[in-house]
Visitor: 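Please see the structure below; I have some questions.
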Amino acid sequence: MTTGCEFKPGLEGIPAAQSSISFVDGKQGILEYRGIRIEELAKKSSFLEVAYLLIWNKLPTDSELEQFKSDILNHRRIKYRIRDMMKCFPETGHPMDALQTSAAALGLFYSRRALDKPDYIYDAVVRLLAKIPTMVAAFNLMREGNDPVQPNDSLDYAANFLYMMTEKRPHDYQSKIFDTCLTLHAEHTMNASTFSAMVTASTLTDPYAVMASAVGTLAGPLHGGANEEVLLMLEQIGSIDNVQSYVDECVANKQKIMGFGHRVYKVKDPRAVILQGLAEQLFELEGEDPYYKVALELEKVVEAKYGQKGIYANVDFYSGLVYRKLGIPSDLFTPLFAIARVAGWLAHWKEQLGVNRIFRPTQQYTGVHDQPYIPLEERM
Ligand code: SDX
């Protein structure tokens with residue numbers, strides 16, 4: 001069967017859905033969540049308010065936001081069986097694999113699939129936003145042989161995560177900067193992990209399986225995994241003097257430079273602009289990251305080399321420098337991306353359920369027909 005549409009690798013430029021959740025203008029470097037510019041939300045909002053906006057398509061009233069925050073606070077703890085399961089994970093396992101496994105395991109406890117019931121949707125949203133950070137922090141401590149730290153109910157969402165990571169109360173400025181990082185990573189139209197979530201959601205499976213699909217997709221180095229790779233790259237480059245030769249080598253080997261390029265943005269990612277500002281804020285307060293000047297030089301050299309191809313710094317280029325200054329190990333950078341993107345995945349899950357039709361694209365068959373079955377003894 002031939003289709004009317006032309007095949008586009010990676011579905012580049014092919015609409016996979018109609019959505020009102022977020023909007024990107026890649027030429028002008030514009031990102032909006034429900035029509036509000038990311039710069040406004042980063043400055044004036046909070047991650048949980050942004051999550052509410054994305055999922056329920058409205059800025060919450062004071063009482064709605066307080067109820068949402070309180071419900072999430074009351075669901076931060078995870079079942080002891082999930083903690084016991086995580087104790088069996090190899091300490092050398094990647095935290096994204098641990099998160100994907102534990103996210104799916106949540107479904108064992110909440111498997112009632114009442115996708116047509118608003119209270120089921122609300123409960124799933126609350127549980128996933130509340131428990132994903134706890135699971136990320138718990139694995140981080142357990143892989144070092146320590147007991148996980150229980151959530152601290154006197155702390156807000158961002159501060160509590162930093163607390164669960166280190167058992168120390170963070171400074172207010174650290175919590176605010178981390179909360180803004182979560183807002184910046186919350187949603188981004190039809191990216192690979194969101195699309196993966198939607199395909200899984202379209203079969204009407206439970207939301208925990210949907211999240212597990214999305215986490216597995218985000219883990220890849222071409223997507224959410226790039227933030228961890230960027231720091232490794234900066235350390236490999238080592239100094240400003242080595243930047244040009246590093247880029248020349250990447251060009252010669254046609255090797256992609258982590259933290260640069262984007263399927264949609266053909267200018268500097270607006271999130272990278274804000275993240276660079278957050279990094280500089282932290283550096284003023286706590287001292288500059290030793291590799292920040294290398295990052296600045298690398299951005300200059302890559303822009304000179306690839307700017308005319310529309311390849312600029314993306315969201316993953318500066319985020320790792322912020323997280324490292326906050327004391328986060330680099331292999332947790334992508335789980336942090338996942339903690340934030342749960343909001344966007346849930347928004348698209350809920351939107352998909354409203355207009356659901358199972359994803360089942362076609363293909364252009366390039367194989368052969370009418371082949372004989374060759375008996376084993378006759379095969380070469
Ligand atoms: C995220 O989709 C989203 O919105 C994702 C995200 C979100 O919020 O969900 O924004 C988060 O995933 C950010 C991207 C993080 N990944 C990286 O930083 C990894 C490095 N970047 C590349 O792998 C790449 O830029 C992609 C995957 C991000 C986008 O790739 P595309 O759109 O498929 O582009 P492409 O691979 O077809 O490249 C087009 C050209 C090629 O050159 P030619 O073969 O045409 O000569 O641009 C070149 C590529 O080689 N190119 C790069 C490059 N990215 C693209 N060359 C060098 N370094 C790069 N980083």
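All ligand and atom numbering here is 1-based and tracks the order in the structure. Since the structure is predicted, the reported quantities are computational estimates derived from the model, not experimental observations.
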Visitor: Quick one: look up the protein heavy atom nearest atom 15 (C) of ligand 1 and list residue, atom name and how far away it is.
Guide: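 Here the closest protein heavy atom is D316 OD2, 3.1 Å.
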Visitor: Can you tell me which residue and heavy atom of the protein come closest to atom 12 (O) of ligand 1, and the distance to 0.1 Å?
Guide: H223 ND1, 2.9 Å
Visitor: How close does the nearest protein non-hydrogen atom get to atom 44 (O) of ligand 1, and which residue and atom is it?
Guide: K254 NZ, 4.2 Å
Visitor: So which of T189, V251, I311 gets nearest to atom 48 (C) of ligand 1, if we judge by its closest heavy atom?
Guide: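 Closest candidate by heavy-atom distance is I311.
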Visitor: Does any N or O atom in K256 lie less than 3.5 angstrom from one in ligand 1, N or O only?
Guide: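 Among all N and O atoms of K256, at least one is under 3.5 Å from an N or O of ligand 1.
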Visitor: Below the 3.5 angstrom mark, is there an N/O of A226, backbone or side chain, next to an N/O of ligand 1?
Guide: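 No.
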Visitor: Heavy-atom contacts under 4.0 Å between N314 and ligand 1: side chain, backbone, both, or neither?
Guide: side chain
Visitor: Under 3.5 Å, N or O to N or O, is K309 touching ligand 1 that way?
Guide: yes
Visitor: Taking H171 for its side chain and Y173 for its backbone only, find out whether a donor-acceptor pair lies under 3.5 Å.
Guide: no
Visitor: Check this for me: does any side-chain nitrogen of one of R271 and D269 sit under 4.0 Å from a carboxylate oxygen of the other?
Guide: yes
Visitor: Do I257 and ligand 1 have an N or O pair less than 3.5 Å apart?
Guide: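 Yes; at least one N/O pair falls below 3.5 Å.
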Visitor: Please report the interatomic distance CG(D25) to OH(Y265), rounded to the nearest 0.5 Å.
Guide: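 D25 CG to Y265 OH: 9.0 Å, rounded to 0.5 Å.
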Visitor: Within the distance-only criterion (no hydrogens, no angle test), does the side chain of D179 pair as donor or acceptor with the backbone N or O of F47 below 3.5 angstrom?
Guide: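 Indeed, once roles are kept as given, a pair shorter than 3.5 Å links the two residues.
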Visitor: Can you tell me the protein heavy atom closest to atom 28 (C) of ligand 1 and the distance?
Guide: G261 O, 3.7 Å
Visitor: What distance do L204 atom CG and Q352 atom CD have between them, rounded to the nearest 0.5 Å?
Guide: 9.0 Å
Visitor: For atom 26 (C) of ligand 1, decide whether some protein heavy-atom distance is shorter than 4.0 Å.
Guide: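 Under 4.0 Å from atom 26 (C) of ligand 1, zero protein heavy atoms found.
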Visitor: Regarding ligand 1, does E12 bring an N or O atom to under 3.5 Å of one of the ligand's N or O atoms?
Guide: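 No, E12 has no N/O under 3.5 Å of an N/O on ligand 1.
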Visitor: Any heavy-atom pair between the side chains of Y33 and S45 that's under 4.5 Å?
Guide: no
Visitor: Any salt bridge (charged side-chain N to carboxylate O under 4.0 Å, His left out) involving residues 289-299? Give me the pairs, sequence neighbours left out, ordered by first then second residue.
Guide: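 Sorted pair list: K268-E299, E288-K293, D289-R324, E297-K300.
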Visitor: Can a salt bridge be assigned to the pair E12 and K8 using a cut-off of 4.0 Å between side-chain N and carboxylate O?
Guide: no
Visitor: State the atoms of ligand 1, each with its element, that fall below the 4.0 Å cut-off from a heavy-atom position in N191.
Guide: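 So the answer, numbered in order with elements, is 2 (O), 3 (C), 4 (O), 5 (C), 9 (O).
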Visitor: Would you indicate which of K305, Q255, R263 comes nearest to atom 29 (C) of ligand 1 when only heavy atoms are counted?
Guide: R263
Visitor: Any N or O of H188 that comes nearer than 3.5 Å to an N or O of ligand 1?
Guide: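 N/O-N/O distance below 3.5 Å exists for this pair.
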Visitor: What is the closest protein heavy atom to atom 20 (C) of ligand 1, and at what distance does it sit?
Guide: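 Among all protein heavy atoms, the one nearest atom 20 (C) of ligand 1 is F260 O, 3.4 Å.
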Visitor: Do side-chain atoms of E351 reach the backbone of S20 as a donor and acceptor pair under 3.5 angstrom?
Guide: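 Indeed, once roles are kept as given, a pair shorter than 3.5 Å links the two residues.
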Visitor: Is the positively charged end of R127 above the ring of Y110, judged by distance under 6.0 angstrom from the centroid and angle within 45° of the axis?
Guide: yes
Visitor: Within the structure provided, determine whether R357 and S202 are in side-chain contact (heavy-atom separation under 4.5 Å).
Guide: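 Result no, sub-4.5 Å side-chain heavy-atom pair not found.
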Visitor: May I ask whether Y306 has any heavy atom positioned less than 4.0 angstrom from an atom of ligand 1?
Guide: yes
Visitor: Between atom CZ of R341 and atom CG of L218, what is the distance when rounded to the nearest 0.5 Å?
Guide: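 Rounded to the nearest 0.5 Å, the CZ-CG separation comes to 7.0 Å.
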Visitor: Is the closest N or O pair between G259 and ligand 1 shorter than 3.5 Å?
Guide: yes
Visitor: For ligand 1 and H262, I'd like to know whether there is a polar contact (N/O to N/O, distance under 3.5 Å).
Guide: yes
Visitor: Is R271 in contact with ligand 1, taking contact as a heavy-atom separation below 4.0 Å?
Guide: yes
Visitor: Using a strict 4.0 Å threshold on nitrogen-to-oxygen distance, state whether D156 and K176 make a salt bridge.
Guide: no
Visitor: Between ligand 1 and P221, can you find any atom pair, the residue atom being a heavy atom, that is separated by under 4.0 Å?
Guide: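 Per 4.0 Å heavy-atom rule, P221 contacts ligand 1.
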Visitor: I'd like to know if atom 39 (C) of ligand 1 has any protein heavy atom within a distance of less than 4.0 Å.
Guide: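 Given the 4.0 Å cut-off, atom 39 (C) of ligand 1 does not count as touching protein heavy atoms.
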Visitor: May I ask whether R341 has any heavy atom positioned less than 4.0 angstrom from an atom of ligand 1?
Guide: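 In this structure, R341 qualifies as a contact of ligand 1 - some heavy atom is under 4.0 Å.
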Visitor: If you measure from each non-hydrogen atom of L222 to ligand 1, which part falls under 4.0 Å: side chain, backbone, both or neither?
Guide: both
Visitor: Does S319 offer a backbone N or O that forms a donor-acceptor pair with the side chain of N227 under 3.5 Å?
Guide: no
